[in-house]
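Please read the structure below before turning to the comments.
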Amino acid sequence: MEVRLVHLSKYFGEVRAVNDLNLEIKSGEFVALLGPSGCGKTTTLLMIAGIYIPTEGEIWFGDRIVNDLLPKDRNIGMVFQSYALYPHMTVFENISFPLKLKKVPMAERRKRAQRVADMMQIGHLMDRKPAQLSGGQQQRVALARALVKEPDILLFDEPLSNLDAKLRLTMRGELKRLQKDLGITSIYVTHDQVEAMTMADRVAVLRDGRLQTFSTPDDLYNRPQTLFVAGFIGSPPMNFIDATLVQENGKVVVKAEGMRIELPDELGKRALARAKSDRVVYGIRPEHVHLDPEGDIEAEIYVVEPLGREDLLDCRLLGGSVMGVLAPAGQPVGPGDKVRLRFEAEHSQLFDPETEHTLLW
């Protein structure tokens, strides 16, 4: 089922929770709505579900507008953060409850509930109640209840945030596999960029109720469209430095106090053509900065943060800017040591400091 949001807005008094949102979600696609708390992602999901009525705009399912349809008439399945299971009901009763509301005969309810429960690997738990289940099992029951309706669209509201880290990792993989196997159009709300990047076909990044960008995980990471997206996507986050863009000896160079980066010809031409002034924000990810005795940039190590197989080094450049550097674990350096850095200039990002839009992509 294709989903289209056309100039969708939701106001709560003076607060514009969602502001003129336009999205086209393909049939069978897995799309994540990603952003910090208060950006409008859950409000958008609840409008798609029919729980909130849009202030402005249209919601299309396929070739029909569903603004005035009740939630029960939209043929959606929804999985909440809190699971929302009925504590007095067994697993079977929880899963089959949507079918009971539709007055499906008991024999058919049992057949469909068992089939979905087996798919979710909880078929042997049908007589238990939610209090007798682990968090992961409860989440599977909630998902099975959404699937038993055979919905056209699946909606997820941060369904994994209550699980421990290891189980969250397992459930991410299982949810993605299940969605691909079933081919159900799915919309997944999360503030966790790792969930969005690993699970979704495309990610819509929201900020203050507005769409920042809607693209593939690869594009978000390697070709961010705005300064906000560049800083929000990636862990550790991208380094940013206020700099100037100049031409020297036929080359385009980014300069800041204690830093000089010569850009590859293609990037330099693009940046120079789009820049409105010589002021830019230069960005580069920590994995693209290296300790190198022959590097051009001098720095002093301020903090060493062990991350396991890698160390994150916070380095201060001569101008005072702090640069995160990912280095193999166990490097013989520590706070106060003088080092030299080498940047992979081909991975540079440049942004307009006024509009915050990219100058490269």
Side-chain angles (χ1 to χ4, degrees), residues 30 32-33 41-42 45-46 48-51 70-192 194-196 198-200:
F30 194 127
L33 304 182
K41 53 190 185 295
T42 296
L45 195 79
L46 294 178
I48 296 170
I51 297 170
L70 294 173
K72 67 183 181 66
D73 298 324
R74 297 192 183 197
N75 197 26
I76 58 170
M78 190 157 185
V79 184
F80 299 92
Q81 176 181 348
S82 62
Y83 314 144
L85 301 178
Y86 298 106
H88 63 286
M89 292 184 182
T90 64
V91 168
F92 164 72
E93 290 168 335
N94 267 284
I95 293 175
S96 63
F97 191 68
L99 303 181
K100 182 179 180 181
L101 293 178
K102 291 185 175 183
K103 296 183 169 40
V104 174
M106 175 59 81
E108 178 67 13
R109 290 190 341 234
R110 286 197 178 280
K111 179 182 176 183
R112 287 170 61 175
Q114 190 65 51
R115 183 175 72 246
V116 173
D118 289 341
M119 186 190 306
M120 299 305 302
Q121 301 174 19
I122 52 171
H124 60 294
L125 304 174
M126 298 295 268
D127 295 327
R128 293 192 188 181
K129 291 188 175 178
Q132 299 170 297
L133 304 176
S134 68
Q137 290 169 337
Q138 290 184 47
Q139 186 57 272
R140 291 168 194 263
V141 174
L143 183 56
R145 182 180 57 191
L147 290 173
V148 79
K149 299 164 60 177
E150 298 177 356
D152 294 323
I153 301 164
L154 272 175
L155 305 177
F156 299 92
D157 187 12
E158 303 196 34
L160 306 183
S161 57
N162 289 343
L163 304 180
D164 63 71
K166 185 176 181 181
L167 186 54
R168 201 157 57 233
L169 186 65
T170 302
M171 286 300 295
R172 279 209 312 259
E174 291 195 9
L175 273 179
K176 184 173 183 178
R177 176 196 56 78
L178 184 69
Q179 191 272 337
K180 291 304 174 192
D181 288 348
L182 297 176
I184 299 175
T185 305
S186 299
I187 303 172
Y188 189 102
V189 161
T190 181
H191 63 270
D192 185 334
V194 176
E195 279 186 12
T198 55
M199 296 174 69

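Look at Glu108 and Arg115 and you find no salt bridge, because none of the NZ, NE, NH1 or NH2 atoms lies under 4.0 Å from a carboxylate O.
For the atom pair Arg168 CZ and Ser161 OG, the distance stands at 8.0 Å (nearest 0.5 Å). Put simply, CD1 on Ile51 and CD1 on Ile76 are 6.5 Å apart, with the number rounded to the nearest 0.5 Å. One distance of note links CD of Gln138 with CD of Gln132; it measures 10.5 Å at 0.5 Å rounding. Summarising the geometry, atom CZ belonging to Arg109 is positioned 9.5 Å from atom CD belonging to Glu93; distances are rounded to the nearest 0.5 Å. Distance check, rounded to the nearest 0.5 Å: CE of Met199 to CG of Asp192 gives 10.0 Å. From Thr90, atom OG1 reaches atom CG of Leu125 across 11.0 Å, with rounding to the nearest 0.5 Å.
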TODO: Verify side-chain contact (heavy atoms from CB on, under 4.5 Å) between Ile48 and Leu155, making sure each step is shown before the conclusion.
DONE: CA-CA 9 Å; Ile48 296 170; Leu155 305 177; 4.0 Å; yes
- [ ] Could you give me the CA-CA distance, side-chain angles and deciding distance for Asp152 and Thr185, then say whether side-chain contact (heavy atoms from CB on, under 4.5 Å) is met?
- [x] CA-CA 7 Å; Asp152 294 323; Thr185 305; over 6 Å; no
TODO: Kindly determine whether Val148 and Leu99 satisfy side-chain contact (heavy atoms from CB on, under 4.5 Å), including the steps that lead there.
DONE: CA-CA 8 Å; Val148 79; Leu99 303 181; 3.6 Å; yes
Open item on the list: For a side-chain contact (heavy atoms from CB on, under 4.5 Å) check, start with the C-alpha distance between Leu154 and Met78, then their side-chain angles and the critical distance, and finish with the verdict.
Closed with: CA-CA 6 Å; Leu154 272 175; Met78 190 157 185; over 6 Å; no
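Residues Leu147 and Leu182 meet the side-chain proximity criterion, which asks for heavy atoms closer than 4.5 Å. Contact of the Met120 side chain with the Leu143 side chain is registered, since non-hydrogen atoms from C-beta on lie closer than 4.5 Å. Looking at Ile187 and Leu33, their side chains come closer than 4.5 Å, going by heavy atoms from C-beta outward. With a 4.5 Å cut-off on side-chain heavy atoms, Leu85 and Phe97 do not count as touching. Counting heavy atoms from C-beta outward, Met171 and Arg140 have side chains that approach closer than 4.5 Å. In this structure, the side chains of Lys100 and Met106 stay at 4.5 Å or more apart for every pair of heavy atoms. Side-chain contact check for Arg145 versus Pro98: some heavy-atom pair is nearer than 4.5 Å.
Heavy-atom minimum distance, Gln114 versus Gly123: NE2-O, 3.3 Å. Taking each heavy atom of Val79 and Gln139 in turn, the nearest pair found is CG1-OE1, 3.2 Å. In plain terms, the two heavy atoms of Pro71 and Gly50 that are nearest each other are CG-O, 3.5 Å. Summarising the geometry of Tyr86 relative to Pro130, their closest heavy-atom pair is O-CG, 3.5 Å, with the distance given to 0.1 Å. In plain terms, the two heavy atoms of Met126 and Ala117 that are nearest each other are SD-CB, 3.6 Å. Considering all non-hydrogen atoms of both residues, Gln179 and Ser186 come closest at CG-OG, 3.2 Å.
For the pair Asp157 (side chain) and Phe80 (backbone), a donor-acceptor distance under 3.5 Å is absent.
In the model, Glu195 has a side-chain atom that pairs as donor or acceptor with a side-chain atom of Thr190 under 3.5 Å.
Between Phe156 and Tyr188, the angle of the ring planes lies from 30° to 60°, which puts this pair in the tilted group.
Looking at residues two or more places apart in sequence or on another chain, you find no side chain to side chain donor-acceptor pair (under 3.5 Å) involving Arg74. Every residue two or more places apart in sequence or in another chain that forms a side chain to side chain contact (heavy atoms under 4.5 Å, CB included) with Leu70 is listed here: Lys72, Asp73.
Enclosure of atom CG in Asp127 is not indicated, since only 12 or fewer non-hydrogen atoms of other residues, nucleotides or ligands lie within 6.0 angstrom.
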